Amino acid sequence: MSEPIIAEDGVELSADDKKRRNKRSVAIALGLIFLVALFYLMTIFKFGPELLNKPF
Amino acid sequence: MSTADIEARTELQALAATAVEHRISQAEPKDFFALMKPGVMRLVVFTALVGLVSAAATSGTMLLGPVTGAIALLCIAIGGGASGALNMWYEADLDKLMKRTANRPIPAGRVSRGEALAFGLFMAALSVMVLGLVSNWLAASLLAFTIFFYAVVYTIWLKRFTQQNIVIGGAAGALPPVVAWAAMTGSVGIEAFVLFLIIFMWTPPHFWALALFASQDYARAGIPMMPVVSGDAYTRKQILIYSVLLAPVAMSPWFLGFGGLVYGVTTAALSLGFIANAIYVYRDKNTENTNRAAKRLFAYSILYLFALFGVLLFEAVIKIAL
């Protein structure tokens, strides 16, 4: 575990911290994309053709 | 630099160090995955899959198709993972003391307890909600109960206070096929209860075998596992009793007709093997050695459960295909 660099105006992330933060950000983005796809699939497969049979 | 400057800088560094401790996460995505206990999740997914397919084959009711079934399975897996994360959140102090668990994300310092709690609660809520939407609210309620039972009843109430912890707590690990059954059919029948009972009766000999060869670890952490509280000899006897009781329970799918001939024959043979291994453990009085018999029973018990449920799955798939 790398020691964080403490600057006078706050905390500066080390290279390792930044790398880990990037990985977490990518994971959150992928998670959100996955959830969007999941809810889309659920809607299509749960309701099926009934989705198109609604009175306008 | 004046003395006042040095003092101010030291104070700033102390404050920043505290802030660092609380603000900068050391976690990587794989640490959050590890929080979900992937090994346990594998068993949860497999037994739930058997519950789903057996429910469709036995009852003839199929409320879920392949895609919605896969989503339901994913929800059950995530729900199991959420229980694992909540378990690790609560047990971080104990995990630090045991060799087997010291490198888990929280005791190793990569994930904070707060992060684990938030992650576990979020995953629990997400899995229950999505399962309710994709299947039905009976299945979702059962999943919520499973998470509650594992995280609260087992982890918080039982584990530190009674040597019967894993007997009662085993109910949480036995529920996934019931949740899956409810998701597929909208109800819970006797067959689902039998699947529950098999895992429920299997859990004590499985975990006590582990507790026998890891008893020093458990003693160091102050967890009242049976070998720590009542000694090895008593535990070996209990393992044998439960192994004998497990055999007829494991055979009951065949008695009830939802397990076929292949299941009956395989289970009879494997149950005899289970009892034989339990007898070896019972006879292995020498605690000075490496508890070889207990390790063998532990490994055999995993194979046993996978084989039983694997055969049930195979028979159910054949039944649906025909």
Side-chain angles (χ1 to χ4, degrees), chain A, chain B residues 1 5-6 8-36 62-75 78 105 108-112 115 118-119 122-123 125-127 129-136 183:
Chain A
M1 201 181 295
S2 62
E3 282 298 313
I5 300 157
I6 301 162
E8 285 202 20
D9 56 347
V11 174
E12 195 177 303
L13 295 184
S14 69
D16 279 351
D17 288 335
K18 282 181 184 165
K19 213 160 128 187
R20 279 192 285 265
R21 186 180 61 180
N22 282 346
K23 282 185 184 172
R24 289 198 300 273
S25 302
V26 170
I28 291 169
L30 290 175
L32 287 173
I33 292 167
F34 177 75
L35 280 178
V36 170
L38 185 72
F39 278 94
Y40 176 77
L41 281 174
M42 269 166 59
T43 310
I44 299 296
F45 282 91
K46 179 83 181 163
F47 296 104
E50 292 301 313
L51 268 178
L52 303 173
N53 288 342
K54 56 180 182 180
F56 290 99
Chain B
M1 201 183 278
D5 282 347
I6 293 170
R9 189 178 166 79
T10 312
E11 199 179 323
L12 181 70
Q13 282 186 330
L15 277 172
T18 315
V20 164
E21 204 174 287
H22 293 289
R23 277 169 38 204
I24 297 178
S25 175
Q26 301 291 317
E28 290 194 18
K30 66 179 179 192
D31 294 318
F32 287 99
F33 186 64
L35 278 180
M36 299 178 86
M62 285 178 73
L63 297 181
L64 301 173
V67 174
T68 45
I71 295 173
L73 205 58
L74 180 72
C75 291
I78 301 283
R110 297 189 299 274
V111 174
S112 70
E115 284 173 321
F119 179 71
F122 175 74
M123 286 301 185
L126 184 73
S127 61
M129 188 191 73
V130 175
L131 185 63
L133 291 172
V134 81
S135 62
N136 56 72

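Just so it is clear: chains get the letters A, B, ... in the order the sequence lines come, proteins before strands, and each one is counted from 1. As the structure is a prediction and not an experimental result, all values here were calculated from the model. Hydrogens, waters and symmetry mates are skipped; everything else that's a heavy atom, side chains included, is used.
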May I have the step-by-step check of side chain to side chain contact (heavy atoms under 4.5 Å, CB included) for A:Met42 and B:Ile71, ending in yes or no? CA-CA 8 Å; A:Met42 269 166 59; B:Ile71 295 173; 3.7 Å; yes
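- Checking A:Asp17 against A:Ser14 by side-chain atom types alone, a donor-acceptor pair falls below 3.5 Å.
- B:Val67 touches chain A through its side chain: at least one heavy atom from C-beta onward sits under 4.5 Å away, while N, CA, C and O do not.
- By the 4.5 Å heavy-atom criterion applied to side chains, B:Val134 and A:Phe45 are not counted as neighbours.
- Of the listed residues A:Thr43, A:Ile44, A:Leu38, the one with more heavy-atom pairs under 4.5 angstrom with chain B than any other is A:Leu38.
- For the atom pair CZ of A:Arg24 and CD of B:Glu28, the computed distance is 8.5 Å after rounding to the nearest 0.5 Å.
- Top candidate by heavy-atom pairs under 4.5 Å with chain B, chosen from A:Lys23, A:Arg21, A:Lys19, is A:Lys23.
- When B:Val130, B:Leu126, B:Leu64 are compared by the number of non-hydrogen pairs under 4.5 Å with chain A, B:Val130 comes out ahead.
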